[in-house]
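Read through the structure below, which is laid out as structure tokens, and then see the notes.
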2 protein chains.
Amino acid sequence: MSRLPMAKRREQLVNAALAVASRDGVEAATVRAVAAEAGVSLGVVHYCFQDKNELLRAMGEAITARNVERVEFGSPPLDARAAVGNAVTAIWDSMSARRGDQLLAFEMTLSALRNPELAPVATAQLEHERRLAEDLLVEAAAAAGTDWGVPPRHLARTCVAVLDGVALAWLVDGDDRAARADLAQFADHLAQLARPGVQTA
Amino acid sequence: MSRLPMAKRREQLVNAALAVASRDGVEAATVRAVAAEAGVSLGVVHYCFQDKNELLRAMGEAITARNVERVEFGSPPLDARAAVGNAVTAIWDSMSARRGDQLLAFEMTLSALRNPELAPVATAQLEHERRLAEDLLVEAAAAAGTDWGVPPRHLARTCVAVLDGVALAWLVDGDDRAARADLAQFADHLAQLARPGVQTA
DNA sequence: GTCTATAGTTGGATAGAC
DNA sequence: GTCTATCCAACTATAGAC
């Protein structure tokens, strides 16, 4: 483990930070705790990161990057309803599979809203999610041979908001069935917005 | 200020805690900061509250109680669409008027999800909001002379989730117009669920 | 590059004077 | 009831040995 190149070391420390924060919360992700989790001494962390905020910033960016990779798709669907339903289910599966990570994502956002040095993390994360949602919406419409009456950008905004709201409720009450019901209903609502008559290809 | 009865003292301290936390975040609401804000010495806080968690618990309950009082209604509406629209707008106005409080509410919820001693705060707050939403839904339907095809309890759950999601997005991007657009669209969607033909009274 | 040691803060909690 | 004084723990950050 010793004498790693800086980049590797940073990666190791960010992973350790993620592990601690996901398990025990953002406020538990102190420089000391991260060092202990990574099995290095306190000084090493301060050698790789200028201060705690830089570490947290790196952790926030890692969360964003990780969330993007996690969405898997099922088989290609036939109509808009099925396409949207599949996408929403896939996203929810990947979200609800890791409760700690989900909690951490919310905590990071709120921390960033209070701490000016972390502010970019919150906006970048939201922007990333919206872009991902927009891509999925466009794909879904294309797969179903229709398009959306409204700009996908706007729809994406709504989708992310609904998803976040449902996720927060689920974190509090733990009711997975109700969450899935809400999302299914929302997916139906979305599908209704797709113009069935319009063929893009 | 001196020699207040315990109840008054607690109220004063809870208000001080709310002021600090709303301004600077939950983690800034230390026992010391609260004492300073209230203009009392450190010992006074520990005399009124067994420990910091008890203070935070009281603060959480105060937030819940306060949120319930704040919703004001407009004039009695004619149909379900207008009734729901009015209610949603009124709620959003009261939420977006105080950004710090809104942020604080989210922070309290997340803190409660990490800290077992605060857990009841999160569930109570959510439960309270859902009950309020349910009451409003029933009122709205009654005012419009219809009822909901689905149990209002379920609808209330969805409403709170959507509202929270939109609020979180607004906290991050500050786009009030987009938030209102999302809510208006949701209100329309809700209104469509009301069965127009059914007369309750 | 990595470690130990330590400076300097801040916060929770309590004891004891008044 | 209220205050001051104090203890103890945990944290960020840095300095300097190796």
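To find a chain, count down the sequence lines: A is the first, B the second, and so on, and within it residues start at 1.
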I want to check one thing: is the phosphate of C:dA13, taken as OP1 and OP2, less than 4.0 Å away from some side-chain N or O of B:R32? no
Here the side-chain hydrogen bond (donor to acceptor under 3.5 Å, both in side chains) pairs for residues 38-48 of chain A, sequence neighbours left out, are none
Taken to the nearest whole Å, NZ/A:K52 to P/C:dT10 is 15 Å
So the side-chain hydrogen bond (donor to acceptor under 3.5 Å, both in side chains) pairs with at least one residue in residues 52-65 of chain A (sequence neighbours excluded) are A:R10-A:E54, A:N53-A:N115, A:N53-A:E117, A:T64-A:Q125
When rounded to whole Å, the CG to P distance for the pair A:D24 and D:dA10 reads 14 Å
B:L55 CG to C:dG11 P, in whole Å, measures 14 Å
Between CD of B:E27 and P of C:dT10 the distance, given in whole Å, is 14 Å
Taken to the nearest whole Å, CG/A:D51 to C1'/D:dA13 is 9 Å
Any ion pair linking B:R180 and B:D176 (charged N to carboxylate O, less than 4.0 Å)?
yes
_With a 4.0 Å cut-off on N to O distance, would you call A:R157 and A:E127 a salt bridge?_
no
When rounded to whole Å, the NZ to C1' distance for the pair A:K8 and C:dG1 reads 17 Å
>> Regarding A:T30, tell me which of base, sugar-phosphate or nothing describes its non-hydrogen contacts under 4.0 Å with the strands shown.
In response: sugar-phosphate
Residues in residues 42-50 of chain B with a heavy atom under 4.0 Å of DNA chain C, by number, are B:L42, B:H46
Atom CG of B:N115 and atom C1' of C:dG12 are separated, to the nearest Å, by 14 Å
For this session: May I ask you to say whether A:R114 pairs ionically with B:E27, meaning some side-chain N is under 4.0 Å from a carboxylate O?
Result: no
I'd like to know if the side chain of A:Q102 pairs up with that of A:R99 as donor and acceptor (distance under 3.5 Å, no hydrogens or angles considered).
no
